[in-house]
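Presented below is the structure to which this report refers.
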Amino acid sequence: MNQKLAYLTFGALCVYGLSFSQIKTVKNDSTTAAPHKIDLVQIDSISDGKNLAIKEIEPVTDSLSSKTIEDLQLASEFDQKWLEELYSNELFDSIYASVTDLKYDAVDYPELPTDTLKARLHKLSAKTPFNIEYNESLESVIKSYLKHRRNSLERLMSLSDYYFPMFERELDNYNIPLEVKYLAIVESALKPRAKSRVGATGLWQFMFATGKQYNLNVSSYVDERSDPLKSTEAASKYLARLYEIFGDWDLALASYNCGPGNVSKAIRRSGGYENYWNIRPYLPRETAGYLPAFLATMYIFEYAEEHGFKKHRPDFRYIDTDTIHVKQTISLDQVSELLELPMEELQFLNPSYKLDIIPFVEGKNYTLRLPRHAVGRFVTNEASIYEFVNNEMNKREKPLPQLFNSETKTTYRVVSGDNLGKIARQFGVRVSQLKQWNGLRSNNIRIGQRLTIYRTQPTTSASKSVASKSNNQNAASGGSQTYKVRSGDSLWSISRKFPGVSIQNIKDWNDISGSNLKVGTTLKLSR
């Protein structure tokens, strides 16, 4: 029994020793495997002699953390600057359709060899801060203008003699390159009342909101976007601000046309280029043609003599005009009659008055611009001029049926070459009367249009007594009314003495071409 117990004890000890050696081997294997990245081994709770390997799962890297999406720093800074200034509704789509539809096909113009053009553009670039480099697109635009737009360019050169001096003064005040004056040609063809299809108005094509931002006020009577001086000052301020943002005049001009936001987008899309010619494919269509049109205009004006352009004699020079502050509401056609100036001339010099009426408003300084030779006459006769205006205003307050009877009515058909000023002089009436009688809101008339004209004075009781008196004078003189010129008389003062007789009537009936009268001359005051 003791012998059997001893065998069992010996067997148990052998089994225990074998198990202990197995555990040690596994642990040694685990320790050795660690440097070779063998996964941790764990013995299953069921003693089946098999090892279970548990693999570690590494976390997947987030795709967003592998790349940092960043904006282009330069364009972002541009955006920040113009957003701070609250620019909105910039001069979008204000350029003429011809700029939008520019063609860049090769133009046959042998008078300007490519080598000559390259040399001239190089010289031009040296004296201006604009980046004027030769490229085929610019060559195409220049040659196209020279070939197809010579007549219009010659007229613009003559007109520029009036506008450019005032442009240059304002541009210089704000340190703007003087060559920017050519931008007004691209924008408006130097038409101060030009209006685009989206409402941009004036020489510099300001939208309503942008004009307000730069103190260009618009009212029922006045649109200061059409005022050459005020709009040029506003454009200079605006361009100076754009240059502060972009630090490049080419980009400043591009943003003047399409807005700073579109220029920033073009910089982004180009991959960060800042040269206009590099971002041009990414700009709006009209802006892509904007700078080439500007540079082509600059080139032609700077080399006008070399290309044989002949300037027409300008009607006015800016230095030959002056302004007067009005003291009460007055219309341009009243000034036209009193000072014997063509209505078209006054409209040209005073384009900001929408209805051809200069209002008098407390706190506002509205001015009348006149040729210098007429300023003295206006100032000398200021009191009598305003008295005449008051009388005219009182008459106009009466309703039309009381002012005119049907027997005085005439119908006139507009022919080629007519304008309201010419027709008014022909019939001895005023432009404002023509507009009132025919319900015209502007000065535009078309060939074949029929206009109603009342040829005589009002048939009120007061005018009837005057007419009766005139008839008695006519009878006493054998039916022919005359007047002998006295010292101090003028065509205007004489016309006021005889109702129904205008200054133009006196000139036509007496073959007078100027305004000078000789004392003692006998004038006919009827046909």
(Q) Just checking Tyr303 against Tyr299, ring centres under 6.0 Å apart? (A)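 Under 6.0 Å, so yes.
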
**OP:** Would you please indicate yes or no on a ring centroid separation below 6.0 angstrom for Phe360 and His325?
**Re:**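 Ring-ring flag for His325/Phe360: false, centres at least 6.0 Å apart.
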
Minimum heavy-atom distance between [X] and [Y], given as atom pair plus value:
{"X": "Pro165", "Y": "Ser160", "value": "CD-O, 3.8 Å"}
{"X": "Leu349", "Y": "Pro371", "value": "CD1-CD, 3.7 Å"}
{"X": "Asn257", "Y": "Thr287", "value": "OD1-OG1, 2.6 Å"}
{"X": "Gln205", "Y": "Ser196", "value": "OE1-CB, 3.5 Å"}
{"X": "Ser336", "Y": "Pro342", "value": "OG-C, 4.0 Å"}

Q. Does His122 NE2 have over 12 foreign heavy atoms under 6.0 Å away?
A.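 Count not over threshold, so no.
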
Check your understanding: What class does the angle between the rings of Tyr256 and Tyr238 fall in, given that below 30° is parallel, 30 to 60° is tilted and above 60° is perpendicular?
Key ->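 Tyr256 and Tyr238: tilted rings.
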
Got a sec, which residues hit side chain to side chain contact (heavy atoms under 4.5 Å, CB included) with [X], two or more places apart in sequence or on another chain?
{"X": "Ala240", "value": "Ile176"}
{"X": "Phe378", "value": "Ile324, Ile330, Leu339, Leu368, Leu370, Glu382, Ile385, Tyr386"}
{"X": "Tyr221", "value": "Ser219, Leu355, Ile357, Pro359"}
{"X": "Leu159", "value": "Tyr163, Leu190, Phe348"}

**Message:** side-chain contact (heavy atoms from CB on, under 4.5 Å), that's the test. Do Lys435 and Asp356 meet it? Break it down for me.
**Reply:** CA-CA 11 Å; Lys435 292 169 74 173; Asp356 294 333; 3.7 Å; yes

Exercise for review: Using the test side chain to side chain donor-acceptor pair (under 3.5 Å), find all partners of Ser231 that sit at least two apart in sequence or belong to another chain.
Suggested key: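 Applying side chain to side chain donor-acceptor pair (under 3.5 Å) to Ser231 gives none.
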
- [ ] Mind checking side chain to side chain donor-acceptor pair (under 3.5 Å) for Asp320 and listing every partner two or more places apart, or none if nothing turns up?
- [x]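 Listed in chain order: nothing, the list is empty.
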
Side-chain ion pair, [X] and [Y], N-O less than 4.0 Å:
{"X": "Arg241", "Y": "Glu244", "answer": "yes"}
{"X": "Lys181", "Y": "Glu168", "answer": "yes"}
{"X": "Arg193", "Y": "Asp227", "answer": "no"}

Listed partners of [X] passing salt bridge (charged side-chain N to carboxylate O under 4.0 Å, His left out), at least two apart:
{"X": "Glu179", "answer": "none"}
{"X": "Lys507", "answer": "none"}
{"X": "Asp223", "answer": "Arg225"}
{"X": "Arg150", "answer": "none"}

Query - All pairs passing ring-ring contact (aromatic ring centres under 6.0 Å, His included) where residues 180-202 contributes a residue, at least two apart - result: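 ring-ring contact (aromatic ring centres under 6.0 Å, His included) check on residues 180-202 returns Phe164-Tyr182, Tyr182-Phe301.
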
Taking only residues at least two apart or on different chains, which pairs with a member in residues 113-134 satisfy salt bridge (charged side-chain N to carboxylate O under 4.0 Å, His left out)?
->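 Passing the test, one end in residues 113-134: Lys127-Glu302.
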
Would Asp250 and Asn275 count as a side-chain contact (heavy atoms from CB on, under 4.5 Å) if you check the C-alpha gap in whole Å, the side-chain angles of each, and the deciding distance to 0.1 Å? CA-CA 8 Å; Asp250 292 347; Asn275 184 293; 5.7 Å; no

